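Along the sequence shown, the residues carry numbers beginning at 1. Please read all numbers here as calculations on a predicted model, not as lab measurements.
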Amino acid sequence: MATKHEQILQYIKSLPVGNKISVRGIAKKLNMSEGTAYRAIKEAETRGLVSTIERVGTIRIEQKVKYLTDMLTFKEVVNIIDGDILGGSDGLSRHLNKFIIGAMKEDAMVRYFSEQSLLIVGNRTEAQLLALEHDVAVLITGGFKANPSVIQLANERNLPLISTSYDTFTVATMINRSISDQLIKKEILTIEDIYTPIEKTVALTAQDNVRTFHKMSDKTGLSRFPVVYNNRLIGVVTAKDLIGRDETVLIERVMTKETVTVKLHMSIASVSHKMIWEDIEMIPVVADNLQLLGVVSRQDVMKAIHTIQQQPQIVHTFEDDVAVHLDAINHTNKFGDYDFQAIVQPQMINNLGTISYGVLCELITQTAQKKVVEITNLNNIIEKIEVHYFNLIQIGNEIHFKVDVFHHNRRSALVQVDVFHENTLAARAIITSQIIERG
């Protein structure tokens, strides 16, 4: 039986988003003590189920989920293929590791069976039973229903038995695409992956003084601390703020009250943009109600970015598919040196047979970023791009790129990219790129 704490959490989960809750109200509703209700609400706040807003109260909010789990669940597969659950509904929370196309004889299928697998097959009762006997879930295509004996076995084994009106090829394509999307999202790091929880770092209070700051700085080696009141962020104080200040001056008199904050679900890229542009070394990580959860340092962010770049990519994104057609060259023409070239492929065009504007912008972006890395040996993120497209570029055309980094400093670079077809200027772009140190 669930504990009182778990019962309250389940009750909070059942409430609609936007519903206002209180300790007294929940205690009365569920006939429990206010202390138990208070602790459960705090746990719900940590899990992102509720948020306490000043002068409003505690509100049920939509839980922020970190992108997706490592693998698809069978329940998600049902949604993807618009399927019907024929049996084994208790196993829908299991994860899908791989799927098998049942286009062979039964005795040949067995070698491909493994845990967390899904057999995609038509109205072949013997194959369906064989899969379930080997702990493999079954997806029946073509809108066919299952034999009662198959449904009974699926329920006994708690293995999902699903039916869909789509054909086998379409279903396999849909699931494969979803798995690829899942892997791409899995590779995206967020602040939750790298931040330092408040339990492992130090925060000061408004009533601490400069002497306390120096003691904590000597103890931890840190030169900046978040400042809290009742565990909620009210400011940030750094060593620069204390220059010339007496040891007895209170932190609240020298701290910076208007400070940049980030949330757990934010991506590393967006936070690095904030830190570099604002020249910030540490950013507090807060909940929706400004409760301090921890901190993230510039070093943490740069290390994460460097780690991402060292890891091989599992699947290709649109950016990768475009970049593969871009070749670095170095030959001279009447306009100067070309830096890159590409041939317009069928998948790059629009319905008029000319290069898609989005693809052209992506090619220009790729060339600019590569050139900035070549000049500065530093990573960079495109911040602004202004493109002028003069002449249409058709399928099969060879295009060349002339890239000029005409200004750069430690924070940004300005780049001009000229696109040529048959030595005629076809497009020109001016790009602002933000520099990211390698850490």
Side-chain angles (χ1 to χ4, degrees), residues 189-310 376-381 383 408-412 434-439:
L189 288 179
T190 64
I191 291 301
E192 188 174 3
D193 296 313
I194 67 167
Y195 85 111
T196 302
I198 188 61
E199 297 81 13
K200 296 183 179 180
T201 185
V202 176
L204 301 179
T205 69
Q207 297 308 306
D208 286 327
N209 56 28
V210 173
R211 182 181 295 109
T212 305
F213 178 98
H214 289 315
K215 286 182 179 178
M216 297 310 300
S217 181
D218 292 340
K219 182 178 179 180
T220 63
L222 302 174
S223 60
R224 51 190 62 80
F225 299 97
V227 184
V228 296
Y229 176 75
N230 286 341
N231 295 323
R232 295 177 67 182
L233 182 75
I234 59 174
V236 169
V237 62
T238 70
K240 291 181 181 179
D241 299 325
L242 309 184
I243 295 176
R245 298 286 186 168
D246 188 83
E247 292 280 284
T248 59
V249 173
L250 296 179
I251 293 298
E252 65 178 348
R253 296 183 56 188
V254 295
M255 70 181 184
T256 301
K257 295 181 180 178
E258 299 295 329
T259 182
V260 177
T261 61
V262 296
K263 305 289 183 63
L264 290 176
H265 66 275
M266 295 178 66
S267 70
I268 300 299
S270 64
V271 175
S272 71
H273 186 279
K274 283 178 179 285
M275 298 188 101
I276 294 165
W277 192 250
E278 300 288 343
D279 199 17
I280 301 171
E281 291 295 330
M282 180 273 290
I283 298 184
V285 182
V286 298
D288 291 334
N289 66 341
L290 290 182
Q291 177 188 354
L292 182 64
L293 303 178
V295 298
V296 62
S297 69
R298 188 166 174 171
Q299 184 178 5
D300 294 332
V301 172
M302 295 304 109
K303 183 178 179 181
I305 291 176
H306 186 65
T307 300
I308 292 170
Q309 293 171 336
Q310 298 302 313
T376 66
N377 198 33
L378 297 171
N379 299 314
N380 61 99
I381 298 175
E383 188 170 79
H408 67 88
N409 53 35
R410 73 182 184 91
R411 284 193 175 186
S412 63
Q434 186 184 110
I435 302 294
I436 300 180
E437 300 171 21
R438 283 198 181 276

Please evaluate residues L264 and T190 with respect to the criterion side-chain contact (heavy atoms from CB on, under 4.5 Å), reporting the C-alpha separation (whole Å), side-chain torsions for both, the decisive distance (0.1 Å), and the verdict. CA-CA 7 Å; L264 290 176; T190 64; over 6 Å; no
Side chain S217, main chain L222, donor-acceptor under 3.5 Å: yes
Can you measure from CD1 (I191) to CD1 (I194) and round to the nearest 0.5 angstrom? 4.5 Å
4.5 Å side-chain heavy-atom contact, S272 and I381: yes
Output the distance between atom CG (L204) and atom NZ (K215), rounded to the nearest 0.5 Å. 12.5 Å
Taking atom CD1 of I435 and atom CG of N409, what is their separation to the nearest 0.5 Å? 7.5 Å
Does the side chain of M255 come within less than 4.5 Å of I234's, by heavy atoms? yes
State, to 0.1 Å, how close F225 and V202 come at their nearest heavy-atom pair, and which atoms those are. CD2-O, 3.6 Å
When rounded to the nearest 0.5 Å, the distance separating CG of N231 from OG1 of T205 is 11.0 Å
In Å, rounded to the nearest 0.5 Å, how long is the span from CZ of R245 to CG of N209? 13.0 Å
Side chain proximity check, M275 to I283, heavy atoms < 4.5 angstrom: yes
Given the rule in the side-chain contact (heavy atoms from CB on, under 4.5 Å) test, do D241 and F213 qualify, once you have shown the distances and angles that lead to the verdict? CA-CA 11 Å; D241 299 325; F213 178 98; over 6 Å; no
Given V210 and T248, is the side-chain contact (heavy atoms from CB on, under 4.5 Å) satisfied, shown in steps? CA-CA 6 Å; V210 173; T248 59; over 6 Å; no
Can you tell me if E247 has over 12 outside heavy atoms packed within less than 6.0 Å of its CD? yes
Any chance you could lay out the salt bridge (charged side-chain N to carboxylate O under 4.0 Å, His left out) test for K263 and D288, step after step, and finish with the verdict? CA-CA 8 Å; K263 305 289 183 63; D288 291 334; 3.1 Å; yes
Sort out for me which residue in D300, V236, T196 forms a side-chain contact (heavy atoms from CB on, under 4.5 Å) with V295. T196
Considering non-hydrogen atoms only, spot the tightest contact between A203 and L292 and give its length. CB-CD2, 3.9 Å
Is S223 close to M282 at the side-chain level, that is, under 4.5 Å between some pair of heavy atoms? no
Counting N and O atoms only, with roles assigned by atom type, does the side chain of N230 sit under 3.5 Å from a partner on the main chain of R232, one being a donor and the other an acceptor? no
A side-chain contact here means heavy atoms from C-beta on lying under 4.5 Å apart; do V237 and D208 qualify? no
Would you say the side chain of Q207 lies within less than 4.5 Å of the side chain of E252, judging by non-hydrogen atoms? yes
Check: I251 and T212 side chains under 4.5 Å, non-hydrogen atoms: no
So T259 and V227, side-chain contact (heavy atoms from CB on, under 4.5 Å) or not? Walk me through it. CA-CA 11 Å; T259 182; V227 184; over 6 Å; no
Just checking R253: does its CZ atom have more than 12 heavy atoms from other residues, nucleotides or ligands closer to it than 6.0 angstrom? no
